[in-house]
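First comes the structure, then the notes that go with it.
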Amino acid sequence: MVSSTECPVCGVAASQACTRCKMVRYCDREHQKQHWPQHKRRCRPFSEEQDAELGRYLKVTQDIAAGQIVFIEEPLVVGPKWYLSDADKEASIVPCVGCCNPCRLGKHQCRRCRWPVCSAGCEHESLECSVLSLRSGSPARADVRSLNDYFRGDALLVLKCLLLQRQSPTKWSALLEMQSHEDERKGTELHEEAEQRVVSYLQQRFLCRLKQTNPNLLHDCGPEMLHRLCGIIETNFMVIELPTGVELSGLFRQACMMEHACQPNCDFQFDNKTQQIAVRAGCDLRKGDHLRITYTNILWGTQLRQHHLRLTKHFSCRCSRCLDPTEYGTYISALACLGDVNQTCGGTHLAVDPLDENTQWKCDTCPMLLDGAYVSELQSHMTEHVEGLLGGCPSANQVELLLARLTHMLHPNHFHTFNLKHTLIQLYGNEAGLELGVLSNTQLKRKLRLCDELYNVCQRLDPYSIKLAIYVTVILIEIAHALEEQARRAPAEGASLLGLAQARLREAHVVLEKEQESVAGKKLSEKLQKEIFECEKLILTLSYSQDHDVDQK
């Protein structure tokens with residue numbers, strides 16, 4: 001939306017700005033009221049700005065309270081997942097080409113283009129279907145991997161973008177305004193993969209034949225444009241998770257301008273039917289604040305976050321967390337110093353320059369220095385062990401053993417130990433043979449101590465639980481479990497312990513409100529409601545028991 005100095009109703013010069021968005025001016029209140037039904041869908045309390053370092057970004061033009069919707073936006077394009085894992089390439093359930101509902105490969109096909117649909121009667125957009133029906137050949141085999149390779153969802157997403165030049169020139173223009181990082185992508189692994197999986201595929205299967213049969217349908221569908229669209233998607237796409245478990249990729253003109261920060265101040269949700277994005281203030285925003293979301297996993301260490309951003313978004317983050325070697329005092333990237341051969345050291349190794357992937361790591365207690373290449377190799381080795389263990393169904397004993405090994409090399413709050421501890425607090429009290437009633441007092445106290453450690457890390461990294469709401473809710477539930485069990489074992493302290501447990505569950509209820517629309521959030525919400533009910537029952541039971549004891553006396 002471009003700021004105007006003329007009243008949109010009568011066209012005369014106007015000085016009274018819309019108090020919410022400051023972008024439209026009116027000559028009087030009557031004309032503002034008259035224009036409101038048209039303007040309210042575009043009225044936004046922020047402005048688009050541009051900076052040599054940040055590029056385009058969004059800045060709020062008034063104070064916004066936490067939880068308030070900042071803007072709602074329609075997608076330019078919605079389509080299948082962009083980044084496909086090995087599991088995705090072998091999955092037998094894929095999004096329907098018509099409605100995106102889950103469908104089984106090989107069961108139903110579109111009558112015209114033969115792409116997978118959820119039912120025989122499901123149809124999809126006619127222009128898209130006409131292009132897909134130009135395919136040449138058929139799958140070499142009927143196995144799942146061959147079918148997935150033949151019906152490539154990531155290529156379909158690019159085709160959907162390409163067809164906007166015919167379907168919606170306005171959206172096409174908005175799409176081409178997005179950053180693609182074409183020059184930075186050339187010669188990279190991402191560029192080569194896009195050439196093989198998307199560009200060559202679309203050219204050979206569909207677009208070459210389209211030029212022969214209908215050369216005027218698309219103005220520009222050459223390899224350069226396809227690579228540009230791949231770059232735009234890589235840089236700007238957002239993951240849309242449907243209640244069915246299907247993940248889609250969406251492109252949004254306005255939302256893609258939000259600045260990245262490793263401690264965001266906004267969160268967002270998608271409408272399950274329209275895929276509109278609703279951006280909310282994750283905390284109180286002040287006039288002049290930038291709207292910030294995070295493009296990476298905030299539970300990763302700085303080196304890993306920086307690597308991911310450079311690889312996929314082609315920039316390095318310089319936010320306050322990335323510039324701080326301790327990462328707000330969490331030490332989530334830090335290593336434990338082992339000293340030299342003559343003596344041990346209780347110090348901590350931190351990156352000398354967190355933004356340099358080749359930086360040395362210096363101990364804060366002794367003169368010991370570690371080479372960046374050695375640290376990277378060590379981190380990769382540990383990642384294999386941690387992901388290998390957590391990828392299965394580990395026992396508490398297995399997690400404890402790996403945690404004990406890594407504790408000699410990592411800070412207690414390192415992101416690998418964080419993940420292990422977060423798994424461990426859920427195993428203690430739930431694993432067969434380690435139910436709450438079976439745990440020793442020492443184990444119960446350890447569970448509580450681990451929960452407190454994890455909670456404190458989350459509060460420092462994400463004080464408003466914008467991205468870590470699920471993690472924090474799980475931690476608070478497990479704290480409540482441990483406190484309830486302690487109340488059972490110590491009836492004299494039962495009232496105070498159950499009061500603490502109830503307070504933790506209430507806090508979890510507030511935190512989880514940010515994830516009410518997500519699949520994981522809905523499942524956890526059901527569990528949380530049961531936990532709150534059970535805690536209230538325990539409080540009532542304890543109160544009745546105490547009243548009964550008084551009556552007996």
Side-chain angles (χ1 to χ4, degrees), residues 75-82 84 88-89 91-92 94-101 103-169 171-172 175-176 191-234 237 248-249 251:
L76 297 176
V77 176
V78 173
K81 271 180 83 169
W82 177 243
L84 301 177
D88 291 326
K89 295 172 185 176
S92 59
V94 297
C96 168
V97 73
C99 63
C100 296
N101 282 327
C103 67
R104 186 172 295 279
L105 275 172
K107 186 173 183 181
H108 297 291
Q109 295 180 327
C110 172
R111 287 171 292 182
R112 186 176 180 190
C113 69
R114 314 306 295 172
W115 275 59
V117 290
C118 59
S119 65
C122 190
E123 297 181 356
H124 61 115
E125 204 281 324
S126 59
L127 180 58
E128 177 185 301
C129 184
S130 69
V131 174
L132 292 178
S133 65
L134 295 173
R135 76 198 186 288
S136 56
S138 57
R141 298 186 304 275
D143 61 280
V144 168
R145 193 173 185 92
S146 296
L147 289 172
N148 271 311
D149 190 52
Y150 188 79
F151 302 110
R152 294 183 188 172
D154 46 2
L156 178 58
L157 179 60
V158 174
L159 180 62
K160 286 176 178 289
C161 292
L162 194 65
L163 293 178
L164 285 180
Q165 58 188 294
R166 169 64 64 173
Q167 296 165 332
S168 175
K171 288 185 176 181
W172 175 247
L175 184 71
L176 294 185
H191 189 272
E192 291 301 315
E193 186 172 347
E195 173 65 35
Q196 294 172 16
R197 279 202 59 81
V198 176
V199 177
S200 295
Y201 171 84
L202 288 175
Q203 286 282 310
Q204 294 170 11
R205 294 282 175 89
F206 310 106
L207 299 179
C208 287
R209 295 193 65 189
L210 181 64
K211 287 181 181 179
Q212 297 171 357
T213 59
N214 195 349
N216 298 319
L217 181 67
L218 297 176
H219 173 69
D220 190 349
C221 58
E224 286 189 8
M225 177 55 72
L226 294 177
H227 271 296
R228 182 178 177 184
L229 293 175
C230 288
I232 288 171
I233 293 169
E234 285 169 7
F237 86 96
L248 303 175
S249 294
L251 291 170

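These numbers come from a predicted model, not from an experiment.
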Task: side-chain contact (heavy atoms from CB on, under 4.5 Å) against Arg228, all qualifying residues, sequence neighbours excluded - done: Leu176, Ser180, Glu182, Met225, Ile232
TODO: With sequence neighbours excluded, tell me which residues meet side-chain contact (heavy atoms from CB on, under 4.5 Å) with Cys208.
DONE: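 Once residues adjacent in sequence are excluded, the partners of Cys208 under the side-chain contact (heavy atoms from CB on, under 4.5 Å) criterion are Gln203.
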Test your reading of the model: is there a side-chain donor-acceptor pair from [X] to the backbone of [Y], 3.5 Å cut-off?
{"X": "Ser200", "Y": "Glu195", "value": "yes"}
{"X": "Gln165", "Y": "Asp220", "value": "yes"}
{"X": "Ser249", "Y": "Phe237", "value": "no"}
{"X": "Tyr201", "Y": "Tyr150", "value": "yes"}

In a table with atom names and distances, give each donor-acceptor pair under 3.5 Å that connects a side chain of residues 212-219 to protein atoms at least two apart or in another chain.
from: Thr213; atom 1: OG1; to: Arg209; atom 2: O; distance (Å): 3.0

- [ ] Assign the ring pair Phe206 / Trp115 to parallel, tilted or perpendicular, where the plane angle (0 to 90°) is split at 30° and 60°.
- [x]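 Because their plane-to-plane angle lies in the 30° to 60° range, the rings of Phe206 and Trp115 count as tilted.
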Let me confirm one number: the [atom1]-[atom2] distance from [X] to [Y], rounded to the nearest 0.5 Å.
{"X": "Glu193", "Y": "Glu234", "atom1": "CD", "atom2": "CD", "answer": "8.5 Å"}
{"X": "Asp154", "Y": "Arg197", "atom1": "CG", "atom2": "CZ", "answer": "4.5 Å"}
{"X": "Ser133", "Y": "Arg135", "atom1": "OG", "atom2": "CZ", "answer": "7.5 Å"}
{"X": "Leu157", "Y": "Ile233", "atom1": "CG", "atom2": "CD1", "answer": "4.0 Å"}
{"X": "Leu127", "Y": "Leu163", "atom1": "CG", "atom2": "CG", "answer": "5.0 Å"}

TODO: Report yes if the side chains of Val158 and Cys230 come closer than 4.5 Å at any heavy-atom pair, otherwise no.
DONE: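 Yes, their side chains come closer than 4.5 Å.
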Task: Stepwise side chain to side chain contact (heavy atoms under 4.5 Å, CB included) check, Leu84 with Arg152 - done: CA-CA 10 Å; Leu84 301 177; Arg152 294 183 188 172; over 6 Å; no
Open item on the list: Cys221 vs Lys211, test: side chain to side chain contact (heavy atoms under 4.5 Å, CB included). Steps then yes/no.
Closed with: CA-CA 9 Å; Cys221 58; Lys211 287 181 181 179; 4.1 Å; yes
